[in-house]
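Everything on this sheet refers to the single structure shown next.
Nothing here was measured: the structure is a model prediction, and the numbers come from that model.
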Amino acid sequence: MKNLVGRDIPEQFLKDGKEVFQGQHYRDGYTYKKASPTVRSYMKPSEGKLASSLEEAIKQSGLKDGMTVSFHHHFRDGDYVVNMVMDAIHQLGIRDITICASSLGTAHAPIVKYIEDGTITGISSSGVRGEIGDAISSGKLKNPAFIRSHGGRVRAIETGDIHIDVAFIGAPTSDAFGNARGKGGKSDCGVLSYSMVDAKYADKVVVITDTLVPFPNYPPSIEHIDVDHVVVVPEIGNPKKIANALLRFTTDPRELLIAEYATKALVSTPYFKDNFSFQTGGGGPSLAVTRFLKPYMLEKNIKMGFAIGGITKPMIDLLEEGLIKTIVDAQDFDLTSIASVHNHPRHFEISTSQYANPMNKGAFVNQLDFVILGALEVDTDFNVNVITGSDGVVRGAPGGHVDTAAGAKCSIIVAPLVRSRIPTIKDSVITVTTPGESVDIVVTEVGVAINPMRQDLLDALKDSGLPLMTIEELRDEAYALVGKPEEIEFLDQVVALVEYRDGTLIDVIRKPKPVTLSSI
């Protein structure tokens, strides 16, 4: 069955109420009853929660074959928790496990062997990179992976599409009763926003910490009333690896030009006024836009009302200078933002449901004026791909891309016209992550394309001095430089399902046909 963006979704996946994508606001007003966990009471005053080991906590949790476990990714490339838990589960002989993670990356490459031997048979995640992405793309995972946005993951948990049997939450500090914080200890990660929904909806919750502190560890990100077991281990992560290679301050002239164009486009819209709201991604051009905004804000005596999302040093600099009134924080990308959320009175931790869940009574993303986002590919219908590479292999993460693009009044995609002789603007993206109806402006170093659906923005930017082009003209420029890309051949096997944030299926990812010398 074809959905609204023209992607054919196999009928075999349209069961138990699952629907195809029918528009970014298709489920507006949808009503549902929230899922609920099974709770074990702790009534005896002397009963403690400290487990003697991780293995003992897993045994006490009642984890069995076929169950679902969850993890958060606030330690990013420095995370140790996923690997140590899966090692312990494997040693206990527990199999057929589904991992529901807020993201999986290169730090988790060691669990590929558990995909191969059947310990792990299912994955639901807002990001899949590195060797895990390769394993999924090659068909090693028994069941198709579910790829959801950050808001979509929370929605799936709260509506009961995902039921978490045991949540494993890495916490920089915790007391013996389970009050856990992102602050302090040896592995300070700032906030624990992604794990808040896990703590509330999982049947059993295990907090894993390397720094046990006196009770009560307040104010907690994870409350002790939701925690079943606490485990103390030598190390849960390396905070120096929270800021990964994607987070960088670019000096590349092409990326700086893209950022300059994007900033000029932003300030030319009617939404650039006092108290505007803003989010940006972690790529080089996106970060540069935050820095380029400052002179325009000073010139017009404008302050930002609030900034959200993954927080970075450029945001903190504007907060410290009084140019941002409030930051609401669901993830910290660097050590500066980690320090700020603990120390600045106008920098607040929020849950991922508050941030981006489309099925609650109003997420922060719906109050955004601007969002600056990257892309692996953009097509002539303005659809964006941030999941699969040019070879069809899963190697990216939707993160909050889908959520913020749908919620913001003006979503701006920044990307080079070509990458490594591969066109970024093309006829059709390999995988639709974010639908074109959610994308307003596409900025490259060659020109700026505005979605024809946004006549108001076309009018606002016509005298901006920007090199305005149609998306087709950008595609033609890209093809003139590097040629039209050859179509990838795919096998029939579906290795991943891509959900829109409301739970409808926006695309499927199939196993790419292996490239051999004879096929080149």
Side-chain angles (χ1 to χ4, degrees), residues 3-5 7 9 13 16-28 30 32 34-35 68 70-73 98-104 122-128 144-164 193-198 200-201 279 281 308-310 330-331 350-366 368 371 373 383-387 394 396-408 411 431-435 437-439 496-509:
N3 61 21
L4 193 67
V5 291
R7 297 299 168 116
I9 308 298
F13 300 113
D16 299 325
K18 185 65 71 178
E19 298 179 274
V20 298
F21 172 71
Q22 298 174 58
Q24 64 177 350
H25 301 311
Y26 166 63
R27 286 193 167 180
D28 183 42
Y30 175 83
Y32 65 97
K34 285 188 176 182
T68 296
S70 73
F71 303 98
H72 69 78
H73 75 287
T98 294
I99 289 180
C100 174
S102 54
S103 194
L104 294 168
I123 287 175
S124 170
S125 181
S126 297
V128 183
F146 275 87
I147 299 178
R148 298 178 167 100
S149 68
H150 288 325
R153 177 181 184 268
V154 177
R155 176 214 58 80
I157 294 170
E158 292 192 0
T159 59
D161 284 1
I162 300 173
H163 177 75
I164 301 170
S193 305
Y194 289 113
S195 59
M196 291 178 180
V197 67
D198 303 50
K200 291 294 183 185
Y201 288 85
Q279 179 175 337
I308 64 172
Q331 183 174 193
I350 61 170
S351 72
T352 318
S353 188
Q354 290 173 291
Y355 166 53
N357 180 3
M359 293 294 195
N360 62 23
K361 298 180 181 181
F364 267 99
V365 294
N366 296 337
L368 270 175
V371 64
L373 299 164
N383 298 313
V384 176
N385 170 27
V386 296
I387 296 175
V394 177
H401 200 289
V402 186
D403 309 309
T404 53
S411 60
T431 304
V432 177
T433 306
T434 300
E437 65 176 306
S438 298
V439 175
L497 305 174
V498 184
E499 283 192 1
Y500 188 64
R501 63 188 193 132
D502 64 5
T504 55
L505 289 173
I506 195 166
D507 214 340
V508 297
I509 299 174

Only counting residues at least two apart or in another chain, list the ones meeting side-chain hydrogen bond (donor to acceptor under 3.5 Å, both in side chains) with S149. D403
Could you tell me if the side chain of F364 sits less than 4.5 Å from the side chain of Q279, heavy atoms only? no
How far does CG of N366 sit from OG1 of T404, to the nearest 0.5 angstrom? 10.5 Å
If you round to the nearest 0.5 Å, how far is CG of N383 from CD1 of I506? 7.0 Å
Go through D161 and K18 one step at a time and tell me if the side-chain contact (heavy atoms from CB on, under 4.5 Å) criterion holds. CA-CA 10 Å; D161 284 1; K18 185 65 71 178; 4.1 Å; yes
For a side-chain contact (heavy atoms from CB on, under 4.5 Å) check, start with the C-alpha distance between I162 and I164, then their side-chain angles and the critical distance, and finish with the verdict. CA-CA 6 Å; I162 300 173; I164 301 170; 4.2 Å; yes
When rounded to the nearest 0.5 Å, the distance separating CG of L368 from CD1 of I308 is 4.0 Å
What heavy-atom pair brings P358 and G151 nearest, and what distance separates the two atoms? CD-O, 3.6 Å
Treating R27 as the side-chain partner and D502 as the backbone partner, does any N or O pair qualify as donor plus acceptor under 3.5 Å? yes
Got a sec, which residues hit side-chain hydrogen bond (donor to acceptor under 3.5 Å, both in side chains) with Y194, two or more places apart in sequence or on another chain? H150, Q331
Report yes if some heavy atom in the side chain of Q354 is under 4.5 Å from a heavy atom in the side chain of M196; otherwise report no. no
Could you state the interatomic distance from CD1 (I147) to CD1 (I387), rounded to the nearest 0.5 Å? 4.5 Å
Any side-chain heavy atom of T504 within less than 4.5 Å of one from V20? no
Donor-acceptor check, side chain of N360 to backbone of S353, threshold 3.5 angstrom: yes or no? yes
Nearest non-hydrogen partners of P144 and F13, listed with the distance: CG-CE2, 4.1 Å
Could you check whether any side-chain heavy atom of L497 comes within less than 4.5 Å of a side-chain heavy atom of L505, counting everything from C-beta outward? yes
side-chain contact (heavy atoms from CB on, under 4.5 Å) between K34 and K200, intermediate numbers included: CA-CA 11 Å; K34 285 188 176 182; K200 291 294 183 185; over 6 Å; no
Gap separating the CZ atom of F71 from the OG atom of S103, nearest 0.5 angstrom: 13.0 Å
Should S438 and Q24 be marked as a side chain to side chain donor-acceptor pair (under 3.5 Å) after you check the CA-CA gap, both sets of side-chain angles, and the distance that decides it? CA-CA 7 Å; S438 298; Q24 64 177 350; 2.6 Å; yes
Between Y32 and M359 (side chain of the first, backbone of the second, donor and acceptor by atom type, cut-off under 3.5 Å), is there such a pair? yes
Check against side-chain contact (heavy atoms from CB on, under 4.5 Å), T431 and N385: CA-CA 5 Å; T431 304; N385 170 27; 3.8 Å; yes
Roughly how far apart are I9 CD1 and D507 CG, rounded to 0.5 Å? 5.5 Å
Say whether R148 and S124, considering side chains only, have a donor N or O and an acceptor N or O under 3.5 Å apart. yes
Looking at C100 and R153, what are the two nearest heavy atoms and their distance? O-NH2, 3.2 Å
For residues T434 and V386, determine if any side-chain heavy atom of one lies less than 4.5 Å from a side-chain heavy atom of the other. no
Could you check if a side-chain atom of F21 sits within less than 4.5 angstrom of a side-chain atom of R7, using non-hydrogen atoms only? no
Sub-3.5 Å donor-acceptor pair from the side chain of R501 to the main-chain atoms of G400, do we have one? no
How about V197 and S351: do any of their side-chain heavy atoms sit closer than 4.5 Å? no
Test item: side-chain donor near acceptor, S102 and H72, under 3.5 Å: no
T352 side chain vs S193 backbone, donor-acceptor pair below 3.5 Å: yes
What pair of heavy atoms forms the shortest contact from Y500 to P435, and how long is it? CE1-CD, 3.7 Å
